[in-house]
Amino acid sequence: MIEAALLFASGCYGLALLLNLWRISFGPDLADRILALDTMVINVIAILVLYGIWKGTAIYFEAAMLVAMVGFVSTVAYCRFLLRGDIIE
Amino acid sequence: MNHWIIVPVVLPALLAPLLGFVMRHDITLARVASVAGTVALVAVAVGLTMVAVDGQTHIYRLGDWPAPFGIVLVLDRLSAMMVLLTSILALIVLLHAVATNWDARGRHFHALFQFQLMGICGAFLTGDIFNLFVFFEVLLIASYGLMIHSGGRARMRAGVQYVVMNLAGSTLFLFALGTLYASTGTLNIADLADKVQDIPIEDAALVRVAAILLMIVFAVKAALFPVQFWLPATYSNAPAPVAALFAIMTKVGAYAILRVHTVVFGPGAEAVEGLPGTWLFPAAIVTIAVGAFGVLGARRLLPLVAFAVVGSMGTLLVAVAAFSPQATAAALYYMLHSTFAAAGLFLIADLVVTRRRVDTLVAVPQTLQNGLFAALFFAAAIGMAGMPPLSGFLGKLLILDALRGPSEMIWAWSAILAGSLLTIVGFARAGSMLFWKSTTVPAAASVEAEEVSSPMLPAGVAEVAPTMAVLALLAALAIFAGPVFNYVDDTATQLFDRAGYISAVIGSGGEE
Amino acid sequence: MGDGGNFLIVIALLPFIGALLPGLMIRAGRTACAIFTALPTALALTLVLILAPAVMRGEVIQAELEWLPQLGLSASFFLDGLGLLFAGMILGVGLLITLYARFYLSGEDPMGQFYTFLLLFQGAMLGIVLSDNILLLLIFWELTSLSSFLLIGYWKHLPEGRQGARIALAVTGGGGLAMIGGLLILGNIAGSYNLTDILRQGDAIRASEWYHLALVLILLGAFTKSAQFPFHFWLPHAMAAPTPVSAYLHSATMVKAGVFLMARMWPVLAGTEAWFYIVSTTGLITMILGAAIALFKDDLKALLAYSTVSHLGLLTMLLGFGTKLAAIVAVFHIINHLTFKAALFMTAGIIDHEAHTRDIKRLGGLRHLMPVTFVIGTIGALSMAGIPLFNGFLTKEMMLEEAAHTVWAGSHLALPVLATLGALLSVAYSFRFISHVFLGPVRDDYPHKPHDPPFGMWAAPALLVVLVIVIGILPAAIAGPLVAVAGGAVIGGGELPYYSLKIWHGITPALFMSVIAVAGGAIVLWLHRPLDRVWITAPRPEAKVIFDRLIAGSVTISRAITEGTHNGAISRYLAIFVVTSVLLGALAFAGGGLGAPTRELLPVPPIFAVGWIMLIVATLLVATLHRQRFQALVLIGIIGLMVSAGFVYLSAPDLALTQISVETVTIMLLLLALHFLPKTTPVESPVSLRLRDAVIAMTAGGGVAGLAYAFLLRDVGTISDYHLANSYEGGGGTNVVNVILVDFRGYDTYGEIIVLGIAGLIIFALMEALLDGPAARRLRNTDYSQNRSRDRHPLMMVVATRVMMPIAVVVGIYIFLRGHNQPGGGFVSGLVIAVALLMQYMASGFAWTQTRQRIEYHTMIGWGVIIAGLTGAGAWLAGKPFLTSSFTYVHLPPIEEFELATAMLFDLGVFLTVLGAVMLMLYSLSRIARYAGETVNVEPMDYDPADTIQVTKEEG
Amino acid sequence: MNFLIELLISFSLVVSGIFGFVGSFGLLKLRNTMQRLHAPTKATTLGVGGVLIASMAYFFAQTGSLSIHELLITLFLFLTAPISANFIAKAFMTRNLSQDDLPPTGRDYGWAPFDDPPDTPPDARG
Amino acid sequence: MEVLVATAIGVLTAGGVYLLLRLRTFPVILGLALLSYAVNVFLFASGRFAIDMPPILSKYDTTSYTDPLPQALVLTAIVISFGMTAVLVMVALGAFLVADSDRIDGDDGDADDEGAAR
Amino acid sequence: MFERLVPHPLLSLTLTLVWLGLVNTFTLGNLILGVAIGLIVPMATAPYWPDRPKVGRPMKVVEYAVVVLWDIVIANIQVAAIIMFKREKDIRSHWISVPLDLTSAEAITVLAGTITMTPGTVSSTLSADGRCILVHCLHTDDPDEVRDTIKSRYEARLKEIFE
Ligand code: NA
Ligand code: NA
């Protein structure tokens, strides 16, 4: 049962990634692209945790955590670039 | 285990951070420390050379891990010689930079200089191919900093190109290393040599690719055709003492070819039989031509010198391409010579260009001490063009003498001799313009130029001494050609003793 | 080696040692300078004369110093007849020239320099004639080219001087290079570079298949040096040199070097058809051509120069005949030519010096004004014309006699007729020298009123013309022995052929030819004016012009090649680099086989395929949409994310951590830089170029993919089993990757952090340099503040960061501490902390944050590198190699066991360096931004609403 | 493994998958940028939350000890997601809207992207 | 799996090379970034692939592990290329600020007009 | 003294918990280390968080968290429904300006965060003086009601906690 659920969830996130890709490619606004990337980061976090459950190991957990952290920082940086040009003033 | 083997790496590596991070506000202190450190490096290098003279291959196992699992340093005649060459050159160049105040024209000159030395010595001493990559990167990144030292429009633009070219080269290096590891499963040079021996030609496609890609990587450093294009702009736009130090950088490429393509992919390895030389030889021939045409066609002094460097690398690599102990010995002698010759020429070019204020080969008013500079330039040009009585002539004779195979002879001899002719003509034109024709230009013609900048003081002993020291070294190389050649001859023999190298590095687990 | 040998070495060295003296003595005055130049020359000459008797007895004096025995190069000298003849000439004339030059050069000329060059040249020349090793000979040979370059260009203010010097160097230096090839081949055939050995192997050499190549190459050297057709043109241009130089180099010594070499090699090379036709024909042509040109030259020195060319041709022709007798005649003519030609050059110099012109058309009638000069000049010229009682006559007769007997390409007439023509022209220009300069009425339009010079100046030529007469009258007594011993040396020992040196040989064909030559010469001189007009208008190839064009052409071509290829187009260099790599890689691949696959393909889970699609699409988008730079950066983010996720899937958690954090920091740096750069890339390259690049790119991509696929299917045993086996026991860690990084291959890591440290330094240094230079102005003048959002440090971000940053720091500490056993380590940890700080910078601005920064980043890098280095060096204390690690497990009662390892300390160095480097980079970039006019904030956030309330309340 | 726990895990995973997908689907489907902003910032929060709950339950069932590091990711996301959304919204507004397109603040000062904060010295404006 | 990774490396390389050959510094930097990804994965691939066998030694079982050495090499390579990229970005920025052009080719003739005045 | 050593007690607590979460195994050693880190890190980062926020009634935090979590679950379902089943033209989005009574930066941030994490609303920006939040509402027929809900359901509770 868990396996089926894992498969289902990973299928959902896989599709989600492709949808993110669509948005990131076609925008139209740069804000859309950043948003899509940000969403993609969140989806990847979910996928990483799914993978950890699937393999029954916590070894990949830090990767998910780090993705969460740097994903946020990148999003802010991208936006700050659009907003102010200089990301650290 | 002889701990001194690691000192040429650790000494500058510990000195550099002190220079860069502690002494960065006190140029005098930095100068004293940097020069003292370099003198110490020379002393250590002399000691190591004396150690290596015994003909043994000395191993230093870093982290006390046995080869091929850990990284080992290998001190043999070749690496000792290269470290010694580097340290002597470095000392001279450093003194020039200090005397001419180049080191104060930007930040962190001394720290970058020492890091560069660390990288070069590390590359010469390592017995591990991935570690070679790492030290290539150390010396390269330090060279980026030195290259753009003190900034300026042309230099910055040339700097971008230099960095990009070398990053591309480093990328290829990694591709090659990946292929090599994928096909041999090891990184230690001796172990690689051992493994490559056993690869049959039916299974050699991958290792052959690795061999040739590595050669291209080294060729980029060694300014071999068709990957030499970057060099003239880089060297001619670099600060002159840096360009002089870079004289050893091209040799790092040549050294790597010698080390890797002799020991690992050298004669006798079925998998790559004949592969290294097949491309290297014609490429080296064309490189000579490129250098010669460049010298003859140069409109500016510094590119002229840079092209002369390209030409000399072609000459050197023609000999390397033979992959025979005899030609290698000749190549090594010529390497010693051409390193100092190139450096000397850049140093004197610096003295001249600083005073002329332009390096374009047009007549400008005669500078102070025209005769002195003319004499120095003449001597340095003789050295670079390979004319007697300096060592270049002997080096060339040795190379010609060593290349007697009928097929290689016709090409190599024609290229070297014709290249020499074009180089001589080019240098004669340049020297005539710089020092003779300039005497005919009345000083009044460029009063404006004089007014905008302060009058130039005559060069003091300190400024001229490093150049003279280089020239003296060239003369010494010629006078003591016999003993020097004995050393390089034995070096070449040792280099081609693959079995000895392998057993020294991994066979017995290294001598203590 | 006996005393003689020691003397020989001293003789060879004396000029070089002496070359140091003039420069030192110049302050003592011009005469002292001249004396000190003469001193070594005289000393060397004395030594030669001491050795002369033995040589005249037929001994060969030898000396050898080892130099580069592995090459076969030794400093070996020998003195035989030929050497003696030349050494005597070089030193003797050298002495005379030294004297002459003392008076000739003006006070403005740097005399020390002149004498130094002169002695260098003399030494080189002496070296050539004394060398017993052909490599040594080559060295001296090239040295003559170099020193003559300096001498010819001595008057550097004269364009002709500079040009002449360069031409001479190009021609003779070029010939010398060819000769290197020839002589090396010769040495290869003979198995030795020792001249005496080579001279013994004439037959073997002539029989070798390499003989012809060697011959041509050696002759190229000889012909260029001796100004043989078609290389004759350099010599007249060398006449721009001061006259003492012309007299020395271009009559007596350097130009004779080629002749000397042919004479030296005569026993080995002569006697074949090839030798005969090449050498004698070249000599013949040169003789006639030189004489003809000389006849129409108005410049005295040019006339003499071309006459020298002609006489050198004569010598060459004689040597080319290949008969022993002809060779001996050549030797004798060398002596004769030396005497009269040197005298004539000095005469020309005197005239120039006195009348301030050398133009024959402006001279005439000088016999009344300069009687002494007239006598000297006339005797020299008559000898040159071959008039009896002067020594020139003797050898001219002998030459004509030899020519009369020589068959050229089946013709018995060709040589005699042409040789007579040469002699005729020679008579004509010699007579012209006398009549147009000295005879005729005294003119009143000399540029300067001439009169005889002081004794010092005419002493040297006078001495020479005395020799002209003495030899002319008593040849056998005066020159006989020398000719015999030198000739003997040339023909390589054995019996001398019969010859007699005397004025009257009876009625011989040569006598008729001689009479025709003299009479014809007189007639030609009589017809000079009309002939001159014809000569001037006649079209003829001017060798100098051709040469100039050749050089100019070479320069142009070189320039075109160089500037066409090295045009700064790095994109093309890179294209070549890529194509080369792909091409050679493919060729190398094709040269070896590929074994059968040994691995099964791994299955592809759908989610991985999705990641693959993301990566591919993102890459393609980056490549196609790269002109929108910001957008490209966003897309790069996908690639980084997917690669990191891939690393996780493929069992590389450390890589994933590192990749994702590095990527973030990289993007930050790129964004910071992009702020100052154009935001879009213009369309510049044409479609064709883009297409080309796309093809290159796809080929490279295909190649790399193929390569990767090839090895992914094949297993190989690797050394890493050892690492897995020893990581825990030997390295004290369960994260094998980390143990490799900080222990097995800690040395790599040491290099790696140094790279980072250097990067930080460079960026800082560059920032300082930029803010000092013109970039600063550009930054100040550019307005970066258009269309910006007005909130710089939004409240929400500031507050969130206040919580986030400490958490991130804790995460960083955690990742650092666990690195040895679990994914993580100093590097990732450094990046995490850097990212945390970065977040703080983004939230509250650089200035506000920086003022709260306690540790300088420079210091941090420095400490990092030093800690790592000292940790490594610490192993020395235990007598272990650099970077040997040590670890222990500590047990403190309430806490469970934990590990202490030196590797952690090393990792701390890594951590500090990474953190310091990243922060220093960011610091540098924001310094630039602040310079660009960004304001500095003093508050952590734009506006704290809590403050308003307080203010309002207080006011209220 | 306990069936209930299995059920919980599976349920969480399914919920997570659905919301993860819906978030990205909304990102694709919705009409304008501001609307799209709603989709991921909400749905993915529960999406990830679901996975994390599943993970905690799974490892608890496996090892018997409570795994709490999943909560850290939740903490991170709760701290960061609003800020990200806020920044993206402002990026959109600055590029596409002006003060006039938005409702008034009802105060002396406009919205932050379009108006300088109080007490801004004149030279620091912009 | 192997096909996907190999093609991914290929596409990354192709994209990287294409951008490397562009005429402005910024796309060249992007190109080098792509190449750096490509080569890191390539180097990593030289250890071959294994799923869920991270080289983290486990006390409990004696499972097999993937080859750790290429991972260590890639880590070193990543760090080095980060340093290099940072320097390149800075040098490129410097060149742009000094020369007012971010063209990477020196063919617009301006390299000469200073005559390398020192 | 205490304030200098423990500048942010709540933060220290959080960090200790974070540490325990990271190591994910509760042992005495980890707790000691966690407490140490929880004390040291806030000290090191104190300069970046100059004023300690006042938290008046910590117990209210739990209540608030429960409310918000519940709302989030509901929000997700509602928004999912809108996304999946509502036709695009039927979605009526609104900008809503929410004036604030809160003045503490921390409180405002929590409120804005809550708005973003809960049903169909995104807090887009503050006013320049920080006294008003601009909220974008995905779909509503009555914007005023949304504003009132925000003020009553969240802001009121936050005011209790922070002031
Ligand atoms: Na939300
Ligand atoms: Na909401």
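In the text below, chain A, chain B and the rest are named by the order of the sequence lines, each starting its count at 1.
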Undergrad: Non-hydrogen atoms of chain E under 4.5 Å away: do they reach the side chain of C:Leu615, the backbone, both or neither?
TA: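 Interface part for C:Leu615: side chain.
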Undergrad: If you look at every heavy atom in C:Ser720 and E:Asp67, which pair is closest and at what distance?
TA: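 Between these two residues, the closest heavy atoms are OG-OD1, 2.6 Å.
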Undergrad: Take C:Ile696 and E:Tyr18 through the side chain to side chain contact (heavy atoms under 4.5 Å, CB included) test and state the conclusion after the steps.
TA: CA-CA 8 Å; C:Ile696 293 176; E:Tyr18 180 76; over 6 Å; no
Undergrad: Going by the rule salt bridge (Lys or Arg N to Asp or Glu O under 4.0 Å), which residues pair with E:Arg24 if we only count those two or more places apart in sequence or in a different chain?
TA: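 So E:Arg24 forms a salt bridge (Lys or Arg N to Asp or Glu O under 4.0 Å) with C:Glu684, E:Asp102.
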Undergrad: Quick one about E:Thr76 and C:Asp748 (side-chain donor to acceptor, distance below 3.5 Å, no hydrogens or angles considered), yes or no?
TA: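 Per modelled atom types, C:Asp748 and E:Thr76 side chains form no pair under 3.5 Å.
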Undergrad: How long is the gap from CG on E:Leu34 to CD1 on C:Ile639, to the nearest 0.5 Å?
TA: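 So the gap between those two atoms works out to 5.0 Å.
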Undergrad: Please look at C:Leu779 and chain E and tell me whether the side chain, the backbone, both or neither of the residue comes under 4.5 angstrom of a heavy atom of that chain.
TA: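 When you check distances to chain E, only side chain atoms of C:Leu779 fall under 4.5 Å.
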Undergrad: Counting heavy-atom pairs closer than 4.5 Å to chain C, which one of E:Leu93, E:Val41, E:Val74, E:Val91 comes out on top?
TA: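 With the most close heavy-atom pairs to chain C, the winner is E:Leu93.
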Undergrad: Would you name the heavy atoms of C:Ile636 and E:Ala33 that are closest together and state the gap between them?
TA: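 Nearest heavy atoms, C:Ile636 then E:Ala33: CD1-CB, 4.4 Å.
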Undergrad: Looking at C:Ser651 and E:Ala50, what are the two nearest heavy atoms and their distance?
TA: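 Heavy atoms of C:Ser651 and E:Ala50 come nearest at OG-O, 2.6 Å.
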Undergrad: Which atoms of C:Arg629 come close to chain E, meaning under 4.5 Å heavy atom to heavy atom: side chain ones, backbone ones, both, or neither?
TA: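 Both parts, backbone and side chain.
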Undergrad: Could you check which of E:Ala92, E:Pro68, E:Gly83 has the highest count of heavy-atom pairs closer than 4.5 Å to chain C?
TA: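 Among E:Ala92, E:Pro68, E:Gly83, the one with the most close pairs to chain C is E:Pro68.
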Undergrad: Please check: side-chain N/O of E:Arg48 versus main-chain N/O of C:Leu712, any donor-acceptor pairing under 3.5 Å?
TA: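 No, the answer is negative, given that no donor and acceptor are paired below the 3.5 Å cut-off.
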Undergrad: Out of E:Val87, E:Thr13, E:Leu21, return the one with the most heavy atom pairs under 4.5 angstrom to chain C.
TA: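 Of the options given, most contacts go to E:Leu21.
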Undergrad: Calculate, to the nearest 0.5 Å, the distance between atoms CG and CG belonging to C:Leu670 and E:Leu88 respectively.
TA: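 If we round to the nearest 0.5 Å, C:Leu670:CG and E:Leu88:CG are 9.0 Å apart.
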Undergrad: Looking only at atom types and distance, does a side-chain atom of C:Thr734 sit under 3.5 Å from a main-chain N or O of E:Ile56, one as donor and one as acceptor?
TA: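 Answer holds: no.
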Undergrad: Measure C:Val755 against the heavy atoms of chain E and call it side chain, backbone, both or neither at under 4.5 Å.
TA: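 Side chain only.
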Undergrad: So which of C:Leu707, C:Asn738, C:Val739, C:Leu672 has the largest heavy-atom pair count under 4.5 angstrom toward chain E?
TA: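 Counting heavy-atom pairs under 4.5 Å, the top option is C:Leu707.
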Undergrad: Flag the one option from C:Phe608, C:Tyr573, C:Phe711, C:Phe676 with the top tally of heavy-atom pairs under 4.5 Å to chain E.
TA: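 Looking at each option in turn, the highest pair count goes to C:Phe711.
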Undergrad: Contact between C:Leu655 and E:Ile78 at the side-chain level, heavy atoms closer than 4.5 Å - yes or no?
TA: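 Side chain of C:Leu655 against side chain of E:Ile78, heavy atoms only: contact under 4.5 Å found.
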Undergrad: Checking C:Ala917 against chain E: side chain, backbone, both or neither under 4.5 Å from a heavy atom?
TA: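 Looking at C:Ala917, nothing touches chain E.
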Undergrad: Going through the checks in order, is the side chain to side chain contact (heavy atoms under 4.5 Å, CB included) test met by E:Met1 and C:Leu601?
TA: CA-CA 7 Å; E:Met1 175 72 68; C:Leu601 286 181; over 6 Å; no
Undergrad: Would you say that E:Leu69 contacts C:Arg745 through its side chain, given a criterion of any heavy-atom pair below 4.5 Å between the two side chains?
TA: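 Yes - at least one pair of side-chain heavy atoms lies under 4.5 Å apart.
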Undergrad: Which one wins on heavy-atom pair count under 4.5 Å against chain E: C:Leu620, C:Leu674, C:Leu925, C:Leu713?
TA: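 Answer, by heavy-atom pair count under 4.5 Å with chain E: C:Leu674.
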Undergrad: Taking every non-hydrogen pair under 4.5 Å, which of C:Gly640, C:Pro603, C:Ala776, C:Pro605 racks up the most with chain E?
TA: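 Ranked by contacts with chain E, first place is C:Gly640.
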Undergrad: Specify the closest pair of heavy atoms between C:Ser571 and E:Leu23, including all atoms of both residues, with the distance to one decimal.
TA: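 Nearest heavy atoms, C:Ser571 then E:Leu23: OG-CD2, 3.5 Å.
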Undergrad: Under a 4.5 Å cut-off applied to non-hydrogen side-chain atoms, are C:Leu650 and E:Thr66 in contact?
TA: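 Side chain of C:Leu650 against side chain of E:Thr66, heavy atoms only: no contact under 4.5 Å found.
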Undergrad: By a 4.5 Å heavy-atom criterion (distance strictly below it), what part of C:Phe827 contacts chain E: side chain, backbone, both, or neither?
TA: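 When you check distances to chain E, only side chain atoms of C:Phe827 fall under 4.5 Å.
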Undergrad: Which atoms of C:Ser685 are under 4.5 Å from chain E, going by heavy atoms: the side chain, the backbone, both sets, or neither?
TA: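 Both parts, heavy atoms under 4.5 Å.
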Undergrad: With a 4.5 Å cut-off on side-chain heavy atoms, are C:Thr681 and E:Arg22 touching?
TA: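 They are not in side-chain contact.
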Undergrad: In Å and rounded to the nearest 0.5 Å, what is the CG to CG distance from E:Leu20 to C:Leu574?
TA: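 If we round to the nearest 0.5 Å, E:Leu20:CG and C:Leu574:CG are 4.5 Å apart.
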Undergrad: Give, for atom OG of E:Ser36 and atom CD of C:Gln659, the distance between the pair rounded to the nearest 0.5 Å.
TA: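 Interatomic distance, E:Ser36 OG to C:Gln659 CD, rounded to 0.5 Å: 7.0 Å.
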Undergrad: For the CE atom of E:Met90 and the CG atom of C:Leu766, what is their distance to the nearest 0.5 Å?
TA: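 The distance works out to 4.5 Å.
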Undergrad: Report which part of C:Arg599 has an atom under 4.5 Å of a heavy atom belonging to chain E: side chain, backbone, both, or neither.
TA: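 The answer is the side chain of C:Arg599.
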Undergrad: Which bit of C:Ile570 comes within less than 4.5 Å of chain E, counting heavy atoms only: side chain, backbone, both or neither?
TA: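 Its backbone and side chain both get close to chain E.
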Undergrad: So which residue, C:Ala694, C:Ala705, C:Ala697, ends up with the most heavy-atom pairs under 4.5 Å with chain E?
TA: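 Option with the top pair count is C:Ala697.
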Undergrad: Are the side chains of C:Tyr649 and E:Asp52 in touch, meaning some heavy atoms are under 4.5 Å apart?
TA: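 No - every pair of side-chain heavy atoms lies 4.5 Å or more apart.
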Undergrad: Taking C-beta and beyond as the side chain, do C:Leu633 and E:Leu30 meet within less than 4.5 Å on heavy atoms?
TA: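 Counting from C-beta outward, C:Leu633 and E:Leu30 do come under 4.5 Å.
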Undergrad: So what's closer than 4.5 Å to chain E heavy atoms on C:Val695: side chain, backbone, both or neither?
TA: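 No part of C:Val695 comes within 4.5 Å of chain E.
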Undergrad: Taking every heavy-atom pair that is under 4.5 Å apart, which of E:Val89, E:Ile80, E:Leu75, E:Val98 has the most such pairs with chain C?
TA: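 When all of E:Val89, E:Ile80, E:Leu75, E:Val98 are compared, E:Leu75 has the most.
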Undergrad: In terms of heavy-atom pairs under 4.5 Å, which option from C:Thr749, C:Val578, C:Asp715 contacts chain E the most?
TA: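 Winner by heavy-atom pair count: C:Asp715.
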Undergrad: In Å, rounded to the nearest 0.5 Å, how long is the span from CZ of C:Arg778 to CZ of E:Phe96?
TA: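 Nearest 0.5 Å value for the CZ-CZ distance: 7.0 Å.
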Undergrad: Run the ring pair (Phe, Tyr, Trp, His ring centres under 6.0 Å) test against C:Phe764 and tell me which residues pass, sequence neighbours left out.
TA: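 Applying ring pair (Phe, Tyr, Trp, His ring centres under 6.0 Å) to C:Phe764 gives B:His108, C:His858.
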Undergrad: Between C:Ile928 and chain E, which part of the residue has a heavy atom less than 4.5 Å away: side chain, backbone, both or neither?
TA: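 When you check distances to chain E, only side chain atoms of C:Ile928 fall under 4.5 Å.
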Undergrad: I need the residue from E:Asn40, E:Leu19, E:Val5, E:Ile9 with the largest number of non-hydrogen atom pairs under 4.5 Å to chain C.
TA: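 Winner by heavy-atom pair count: E:Leu19.
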Undergrad: Grab the two heavy atoms, one from E:Pro55 and one from C:Val737, that are nearest each other, plus how far apart they are.
TA: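 So the two residues come closest at CG-CG2, 3.5 Å.
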Undergrad: Compare all side-chain heavy atoms of E:Gln71 with those of C:Phe647 and state whether any distance is below 4.5 angstrom.
TA: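 No, side chains not in contact.
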Undergrad: Where on C:Glu563 is there a heavy atom nearer than 4.5 Å to chain E: the side chain, the backbone, both, or neither?
TA: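 Neither part.
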Undergrad: Of the backbone (N, CA, C, O) and the side chain (C-beta and beyond), which part of E:Phe44 lies under 4.5 Å from a heavy atom of chain C, both, or neither?
TA: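 Only the side chain of E:Phe44 comes within 4.5 Å of chain C.
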Undergrad: Checking E:Thr25 against chain C: side chain, backbone, both or neither under 4.5 Å from a heavy atom?
TA: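 Neither; nothing under 4.5 Å.
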Undergrad: For C:Pro682, which atoms come within 4.5 Å of any heavy atom of chain E: side chain, backbone, both, or neither?
TA: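 Contact with chain E: side chain only.
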Undergrad: Between C:Val643 and chain E, with a heavy-atom cut-off of 4.5 Å, which part of the residue counts as in contact: side chain, backbone, both or neither?
TA: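 For C:Val643, the contact with chain E is made by the side chain alone.
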Undergrad: With the side chain counted from C-beta on, respond yes when E:Tyr37 and C:Met642 share a heavy-atom pair under 4.5 Å apart, and no when they do not.
TA: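 Sidechains of C:Met642 and E:Tyr37: no contact.
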Undergrad: Heavy-atom pairs under 4.5 Å with chain C are the metric here; pick the option from E:Val28, E:Thr85, E:Val39, E:Thr7 that has the most.
TA: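 The residue among E:Val28, E:Thr85, E:Val39, E:Thr7 with the greatest pair count is E:Thr7.
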Undergrad: Which heavy-atom pair separates C:Ala623 from E:Gly15 by the least distance, and what is that distance?
TA: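 Heavy-atom minimum between the residues: CB-CA, 4.3 Å.
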